[in-house]
Structures are given as C-alpha cells and as structure tokens.
Amino acid sequence: MNCNLTGKTALVSGSGRGMGRASAEELARNGADVVVNDIDETVVNETAADVRDLGVDAIGVPADVSDEAEVAAMVETAEDELGPIDILVNNAGVGDAGPFLNEENDGTFDLNLDVHLGGALNCTREVLDGMVEQGYGKIINFTSIHTKNGVGMSPAYDVAKYSLLGLTKSLALELGREGIRVNAVAPGWANTRLTEEFSDAVTEQILDNNPLGRFAEPEEVADAVAFLAAPASDYVNGHELRVDGGQVPIDSWQLDS
Ligand code: ADP
C-alpha cells in the first residue's frame, strides 16, 4: 500500500495535542512536511519540534481557525516556508456543549459552528487555490461519533459535526474533477484529555456500549488520517471513515457526569 507522503506538505489544525497531534506525527512518519496549528500557543512549538525530530520539516503556527484573517496569515506563512499545502486536516475542535433545554447553552451553537464548520471553511478556502492550481489535494475533516446517530445532551456539537459532514460530502462532489479528494474521519472516544475527565460511571457507560471495550488510542485515529492523505486512498472520495471500535452512540452520558 502506497502511503508515501514524501514531498507533500500537510496542515493539521488543532494539532497541539490529542488526535490532531498524533495525526501530524503520523503524516510526518510517512514523509510529509507539517504545519502544526493550534489556538494554544504553548503547545504549538513543542509539537512542531517533536514532529521535526521525525526527520521532516515542520513549523508551528498559532492561530484561531475561526478567525479568517488569522487563517489567511497562517497559510501565507506556511506556504512561504513549506510550499503549497497538499493535505489539509481540519481537526481543531471544542468540546463545549450541553442540553438544548438549558438556555445557558445557547451560546454553544455559535462557538461550535464557528470552530468546527467556520474553521474548516476558512482553512479550506485559504488552501484551495493552491490545490486547484496543482490539480491535487487531500482534505480530511474530523467528524465524530456524533454523526452516527447524534449523542444526546450536546445538540450544538451534533449540529456542528453534521454540518462538517455535509461540507465533506458536498465538496467531494464539487472538487473531484480538480483532483481534490474530500473525506472525513469519525473518531469515537479516544484516550485524550476529554475522556480523562470522565467520571468512572460515564466511562463505564461508554465502554459497555463499545464492542472492543476500550477507548481508541489517538494513534489509531491518526492511521486513518494518514490513509486518507496517502496515494493509497486516491479513489476514496466523499467517504466518512469511522474509527470508533463499533461504538454504539449513547444518549445520556453527560447527565451522569
Ligand atoms: P482531542 O484531544 O480529542 O483530539 P481536543 O479538543 O483536546 O481534542 O483538541 C483539539 C485541539 O484543537 C486542541 O489542541 C485545541 O487547543 C485546538 N483548538 C480549539 N479551538 C481552536 C481554534 N479555534 N483554532 C485552532 N485550534 C483550536
């Protein structure tokens, strides 16, 4: 299977930690140069240094993906230093959500849509001219277990991730003729700082509904990202690749936390 990414440049949003970071590292292991982005400046440079240790070029660029101007500046810096972006991974995300009936959560719709959908739109717009010009590109959007059947008590997150799935499907149709493939990776729950905060009761509830009985390692999700970035998946387009162990979505876990 050809997963060689030598000579390609990847931009991974929100890659300072967690699944984004693991994805940046896996792309680098397969030879890609990497632009490490995160809103959290403290993790960007450290991650970029670790990616460079894998033997590729990497730069860290802090930016808020929901801010158009910051994204434009980030892509300009990235392209100046590492050349046109061949692979875009829209991973940056927020976990903020809560039940629809709690009016205090009204603001979470804006935040979730701004970061997940708005961030993906901003990054995609900025790299697209270069991809069209070279007639090649891979765009990978992080959807979620939330796009399997919704996850109760987090409508803002559900809506944002379903909208990102819609963007994935739509752009796959529009951009295929330009040599650009657009796919999604849908992780279930993984060993990240989010799941570390779960109570034992919530963890048990999730794992009772997981055929493999465990969370994913971030690296297992990163493998799927690398596959969708690689020549091996050149005929895969508009697909949502689930990496969730067969997880059955649950509908009340946040109530128990
Ligand atoms: P996981 O660990 O499950 O992959 P996290 O929520 O911990 O997910 O990671 C998502 C990353 O996205 C974090 O490093 C976070 O700082 C980053 N992030 C959140 N919002 C933004 C944003 N607006 N722009 C860029 N990065 C962001």
Side-chain angles (χ1 to χ4, degrees), residues 10-27 34-48 50-51 59-75 77-78 85 88-97 107-127 140-147 151 154 156-157 160-161 163-164 184-198 202-203 206 214-226 242-245 247 253-254:
L11 190 164
V12 187
S13 74
S15 55
R17 59 170 70 82
M19 293 184 261
R21 180 186 170 118
S23 300
E25 290 177 343
E26 189 54 32
L27 294 170
V34 182
V35 183
V36 174
N37 155 264
D38 207 283
I39 196 171
D40 182 348
E41 293 191 22
T42 58
V43 288
V44 164
N45 289 327
E46 185 195 314
T47 303
D50 287 349
V51 171
I59 56 168
V61 190
D64 174 353
V65 291
S66 68
D67 184 308
E68 256 181 81
E70 287 190 28
V71 172
M74 167 175 73
V75 172
T77 304
I85 307 297
L88 169 65
V89 182
N90 286 310
N91 159 75
V94 287
D96 209 1
T108 62
F109 277 86
D110 286 343
L111 175 66
N112 274 274
L113 284 165
D114 284 354
V115 176
H116 297 118
L117 180 62
L121 282 171
N122 289 338
C123 292
T124 301
R125 283 199 185 102
E126 284 302 322
V127 304
I140 299 144
N141 295 323
F142 263 71
T143 57
S144 168
I145 183 72
H146 287 247
T147 57
V151 168
S154 57
Y157 195 91
K161 289 298 188 180
S163 71
L164 192 50
V185 167
W189 284 283
N191 283 317
T192 63
R193 61 180 179 161
L194 174 75
T195 49
E196 267 169 26
E197 287 166 10
F198 287 167
V202 169
T203 299
I206 292 172
R214 65 174 178 85
F215 294 137
E217 293 304 328
E219 290 73 19
E220 294 178 299
V221 177
D223 283 343
V225 172
R242 295 208 167 278
V243 190
D244 63 11
Q247 177 79 47
W253 60 280
Q254 294 206 35

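Whatever order the structure lists them in is the order used to number ligands and atoms, beginning at 1.
Those atoms of ligand 1 that come under 4.0 Å of a heavy atom in G18, given as number and element, are 2 (O), 4 (O). Listed by atom number, the atoms of ligand 1 under 4.0 Å from A92 heavy atoms are 12 (O), 25 (C), 26 (N), 27 (C). For ligand 1 and T192, the ligand atoms under 4.0 Å from any heavy atom of the residue are 1 (P), 2 (O), 3 (O).
Taking a 4.0 Å cut-off on heavy atoms, G95 fails to register as neighbouring ligand 1. Ligand 1 lies less than 4.0 angstrom from a heavy atom belonging to N37. Look at P218 and you'll find every heavy atom at least 4.0 Å from all atoms of ligand 1.
Protein heavy atom nearest atom 6 (O) of ligand 1, with residue, atom name and distance: G93 O, 3.7 Å. Nearest protein heavy-atom contact of atom 3 (O) of ligand 1 is M19 CE, 3.3 Å. Taking atom 26 (N) of ligand 1 as the reference point, the nearest protein heavy-atom neighbour is I39 N, 3.1 Å. With respect to atom 23 (N) of ligand 1, the closest heavy atom belonging to the protein is D64 OD1, 2.8 Å. Of all protein heavy atoms, the one lying nearest to atom 24 (N) of ligand 1 is V65 N, 3.0 Å. Closest protein heavy atom to atom 9 (O) of ligand 1: R17 CG, 4.3 Å. Nearest non-hydrogen protein atom to atom 7 (O) of ligand 1 is R193 NE, 3.1 Å. In this structure, the protein non-hydrogen atom closest to atom 11 (C) of ligand 1 is G14 O, 3.4 Å.
Here the closest non-hydrogen pair linking V12 and G20 is CG1-O, 3.6 Å.
Aromatic ring centres of H116 and Y157: separated by under 6.0 Å.
Not one N or O on the side chain of S66 forms a donor-acceptor pair closer than 3.5 Å with the backbone of G119.
Using a 4.0 Å cut-off between heavy atoms, A63 contacts ligand 1 through its backbone alone, with no side-chain atom that close.
The shortest N or O to N or O distance between D40 and ligand 1 is not under 3.5 Å. Taking distance alone, with nitrogen or oxygen atoms compared against 3.5 Å, D38 approaches ligand 1 more closely than that limit. Every N/O-N/O distance between V115 and ligand 1 stays at or above 3.5 Å.
The salt bridge (Lys or Arg N to Asp or Glu O under 4.0 Å) test with D40 singles out one residue from R193, R21, R17, and that residue is R17.
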